Amino acid sequence: MRGIGRWVGSFGNARNMLHRIYYLWRVFATGLAFLIFGLGGLTLTFIAFPILVLITRDIEVRQFRVQGLVYYLFKFFIGFLTFLRLIKVTVIGHERLLSCRGNLIIANHPSLLDVVVLMSLMPKLQCIVKSALWNNRFIGGVVHAANYIRNDGEPEEIINQCTQILQAGQNVMLFPEGTRTEPGSDVKFKRGAANIALGAGANIQLVKISLTPTTLTKGTPWYRVAPTCVKIIITVGDCLDISQYLLQETRSIAARELTRELEKYFIGK
Amino acid sequence: MLTRDEVLVNLTNLLETLFEASREDIHLEAKLYEDLDLDSIDAVDLAIKLQEMTGRKIPPEKFKEVRTVGDIVDQVCDLVTEGA
């Protein structure tokens with residue numbers, strides 16, 4: 001009996017050991033992923049984009065090519081993370097995303113990864129990007145060349161920019177929570193998303209993102225990795241028809257009603 | 001000519017109907033952005049309504065400085081007396 005006990009005990013130790021090795025592997029793989037992402041950004045900034053600029057003189061064509069390049073690279077990157085078993089992505093209703101024309105794409109923002117995943121699902125996606133990224137040494141060049149919309153401009157200017165892009169039939173992605181948020185936290189939506197949709201008369205494609213277990217949330221260092229493969233589920237919801245809000249005479253009231261509707265969808269308020 | 005009290009009453013009505021502010025939250029010290037939940041786009045709308053109310057042009061760079069309900073009352077009163 002004692003022999004068996006010892007055997008079971010050592011088996012438990014071995015399992016612990018395996019767990020630890022597995023965790024270290026995940027830390028290593030995550031570090032590798034960040035390294036590749038950073039190097040990828042640098043390569044693009046210093047090699048691919050200068051070449052693109054040289055061979056594409058037309059600024060508009062250039063920006064579409066950069067956005068297309070970002071799409072394929074993010075697709076590759078997500079494939080790489082999946083291959084390393086760091087994540088597993090499931091997309092429900094992908095065809096609805098692909099059929100969007102001139103829509104505002106609105107999603108919750110639980111992790112750094114969701115941006116990359118969403119951008120790997122839609123080619124030629126415009127997005128509103130945190131201004132600090134323009135000075136980021138790894139991807140500053142990328143956001144610059146793709147001509148993404150900075151979030152620190154004059155609000156009316158941002159709305160005008162988005163209106164032009166949306167009315168030309170391109171889609172614009174935006175996270176109305178404004179910043180990454182803890183799942184289940186009591187977040188108040190900014191009204192920017194509603195104001196853009198109302199200003200441009202663009203319907204809103206709703207996208208819900210869930211991550212289990214959570215990872216790369218705001219305020220956690222990159223090496224505090226998830227203990228198991230992160231399941232990312234992207235649920236493409238309804239396309240919210242905003243025509244009834246456009247009928248509302250007072251813009252500020254319409255923006256508030258629409259924002260409440262978005263909060264109801266994402267937070268269940 | 002509008003008195004300070006009349007300006008405050010008109011402004012209170014505007015804040016209620018345009019921005020769903022509740023009457024008990026509106027006083028001279030109330031902060032527009034924090035307490036009454038206005039944003040910068042709302043401020044532009046408000047400036048336009050105040051121009052309609054006073055019939056005078058509000059300089060946008062001056063209106064950007066306002067933080068509280070009292071600041072707006074001051075600015076509107078200044079405008080009205082300047083023009084008088």
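In what follows, chains are A, B, ... by sequence order, proteins preceding strands, each numbered from 1. Everything quoted here is computed from the prediction, not taken from an experiment.
Contact residues of residues 232-241 of chain A toward chain B are absent (heavy-atom distance under 4.5 Å). Scanning residues 43-55 of chain B against chain A with a 4.5 Å heavy-atom cutoff picks out B:Val44, B:Asp45, ordered by number. For a heavy-atom cut-off of 4.5 Å, chain A lies close to B:Glu20 in residues 20-32 of chain B.
Between B:Asp42 and A:Arg251 a salt bridge is recorded (basic side-chain N to carboxylate O distance below 4.0 Å).
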Q) So B:Thr17 and A:Ile253, side-chain contact (heavy atoms from CB on, under 4.5 Å) or not? Walk me through it. A) CA-CA 8 Å; B:Thr17 49; A:Ile253 298 287; over 6 Å; no
Distance-only check: which donor-acceptor pairs under 3.5 Å involve side-chain atoms of residues 97-107 of chain A, not counting sequence neighbours?
{"residue": "A:Ser99", "atom": "OG", "partner": "A:Glu95", "partner atom": "O", "Å": "3.3"}
{"residue": "A:Ser99", "atom": "OG", "partner": "A:Arg96", "partner atom": "O", "Å": "3.1"}
{"residue": "A:Arg101", "atom": "NH1", "partner": "A:Leu98", "partner atom": "O", "Å": "3.4"}

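Taking CD1 of B:Ile41 as the start and CD of A:Glu156 as the end, the distance is 5.0 Å to the nearest 0.5 Å. Atom CG of B:Asp37 is separated from atom CZ of A:Arg191 by 4.5 Å, given to the nearest 0.5 angstrom.
Under the 3.5 Å distance criterion, the side-chain polar atoms of A:Ser252 are left unmatched by any main-chain donor or acceptor of B:Phe19.
More than 12 heavy atoms of other residues, nucleotides or ligands sit less than 6.0 Å from atom CG of A:Leu247. In this structure, A:Lys208 places its NZ atom where more than 12 heavy-atom neighbours from other residues, nucleotides or ligands lie under 6.0 Å away.
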